[in-house]
Amino acid sequence: MKVLIAYYSMYGHIHRMAEAVKEGAGSVSGADVRMCRVPETLPDKVLEKMGALETQKAQAQVPVCTLEDLIAADAIIFGTPTRFGNMCGQMRQFLDATGGLWAKGALVGKVGSVFTSSATQHGGQESTILSFHITLLHQGMIIVGLPYTFTGQMRIDAITGGSPDGASTIAGGDGKRMPSENELDAARYQGRHVAEIAGKLFR
Ligand SMILES: Cc1cc2nc3c(=O)[nH]c(=O)nc-3n(C[C@H](O)[C@H](O)[C@H](O)COP(=O)(O)O)c2cc1C
């Protein structure tokens, strides 16, 4: 049973969350888990101006996603930073290249799930995940979120991401806040949950 984590991360927050998702999915027996990053669309000059060159280099060892990766997976967990309450352009562009897969129904019946990151606490995490789900539904995927059995999302003693839609982290206005242990636990839980469901469906 193959689980793919397909993500984009400009400043490393989603990358860190993706590693935790991988850990969670990998804890399920029989799960073959892979991570890939969707292709960059911005030239290095622009990334440099955005202060993202170093974090991009730090992810260089992660292979770039291909359409074949999507076809081969039983479950795909997508990670995207929030951009104006939506997925980032890099992810949108990658998904917009899946028209041929849609035409063949190549993703129909696969499990799909989404996690995200935003600068601010109420800056659109839920809208990013829920609007992402529309694309997955058009592709015929079975959507899985982060159930309330992950009780860490009920916490109010500390600022935290995480909702029934999916795991999330809050990067802060300056991007300096990295995912908290609770947010990483949510990501692990989501990875495990998706892999368990995919295992039941595809084994
Ligand atoms: C063009 C642009 C739009 C953004 N829009 C939002 C937004 O709507 N809400 C928000 O809280 N943060 C927003 N952010 C901040 C990003 O969500 C934040 O940098 C990201 O979550 C960090 O994740 P990463 O390190 O994986 O790239 C935006 C950032 C950029 C560059």
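Predicted model, so just to flag it, every value in this text is computed and none were measured. Order of listing sets the numbers, starting from 1, for every ligand and every atom in it.
- Side chain to side chain, Thr128 and Thr82 meet the donor-acceptor criterion of an N or O pair below 3.5 Å.
- Checked for salt-bridge contact, Glu196 and Arg192 meet the test: a charged N lies under 4.0 Å from a carboxylate O.
- For ligand 1 and Pro81, the ligand atoms under 4.0 Å from any heavy atom of the residue are 20 (C), 21 (O), 23 (O), 27 (O).
- Side chains of Arg92 and Thr135: a donor-acceptor N/O pair is present below 3.5 angstrom, by distance only.
- Summary of contacts: the protein heavy atom closest to atom 26 (O) of ligand 1 is Ser9 OG, 2.6 Å.
- Distances below 4.0 Å separate heavy atoms of Ile14 from the following atoms of ligand 1: 26 (O).
- In this structure, Phe94 and Thr41 have side chains that are not in contact, with every pair of non-hydrogen atoms separated by 4.5 Å or more.
- Among the atoms of Met50, none of the N or O lies under 3.5 angstrom from an N or O of ligand 1.
- Residue, atom and distance of the protein heavy atom nearest to atom 5 (N) of ligand 1 are Phe84 N, 2.8 Å.
- In this comparison of Gly175, Ala119, Gly123, the heavy atom closest to atom 15 (C) of ligand 1 sits on Ala119.
- With Arg188 as the partner, the salt bridge (Lys or Arg N to Asp or Glu O under 4.0 Å) test is satisfied by one option alone out of Glu183, Glu181, Glu19: Glu181.
- With hydrogens and angles disregarded, a donor-acceptor distance shorter than 3.5 Å links the side chain of Arg177 to the backbone of Ile170.
- The aromatic rings of Phe150 and Tyr189 sit tilted, their planes meeting at an angle between 30° and 60°.
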Could you please spell out the steps behind the side chain to side chain donor-acceptor pair (under 3.5 Å) verdict for Gln93 and Tyr8? CA-CA 11 Å; Gln93 186 145 326; Tyr8 178 79; over 6 Å; no
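- The protein atom (non-hydrogen) at minimum distance from atom 23 (O) of ligand 1 is Ser117 OG, 3.3 Å.
- Remark: ligand 1 and Ala171 share no N or O pair separated by less than 3.5 Å (distance only, no angle test).
- Among protein heavy atoms, atom 14 (N) of ligand 1 sits closest to Thr82 O, 3.4 Å.
- Residue Tyr8 places no N or O, backbone or side chain, under 3.5 Å from any N or O of ligand 1.
- The nearest protein atom to atom 24 (P) of ligand 1, hydrogens excluded, is given as Tyr11 N, 3.4 Å; this is a heavy-atom distance.
- Checked against a 3.5 angstrom limit, the closest N/O atoms of Thr120 and ligand 1 fall inside it.
- For Gln125 (side chain) and Ser168 (main-chain N/O), no donor-acceptor pair under 3.5 Å exists by modelled atom type.
- Here's the thing with Gly124: none of its N/O atoms is less than 3.5 angstrom from an N/O atom of ligand 1.
- Side chains of Asn182 and Ser180: a donor-acceptor N/O pair is absent below 3.5 angstrom, by distance only.
- Summary of contacts: the protein heavy atom closest to atom 29 (C) of ligand 1 is Arg83 NH1, 3.4 Å.
- Taking 4.0 Å as the cut-off, Gly12 counts as a neighbour of ligand 1 on heavy-atom distance.
- The nearest heavy-atom contact from the protein to atom 27 (O) of ligand 1 is Met10 N, 2.8 Å.
- Nearest non-hydrogen protein atom to atom 25 (O) of ligand 1 is His13 ND1, 2.6 Å.
- Under the 3.5 Å distance criterion, the side-chain polar atoms of Thr116 are matched with a main-chain donor or acceptor of Thr80.
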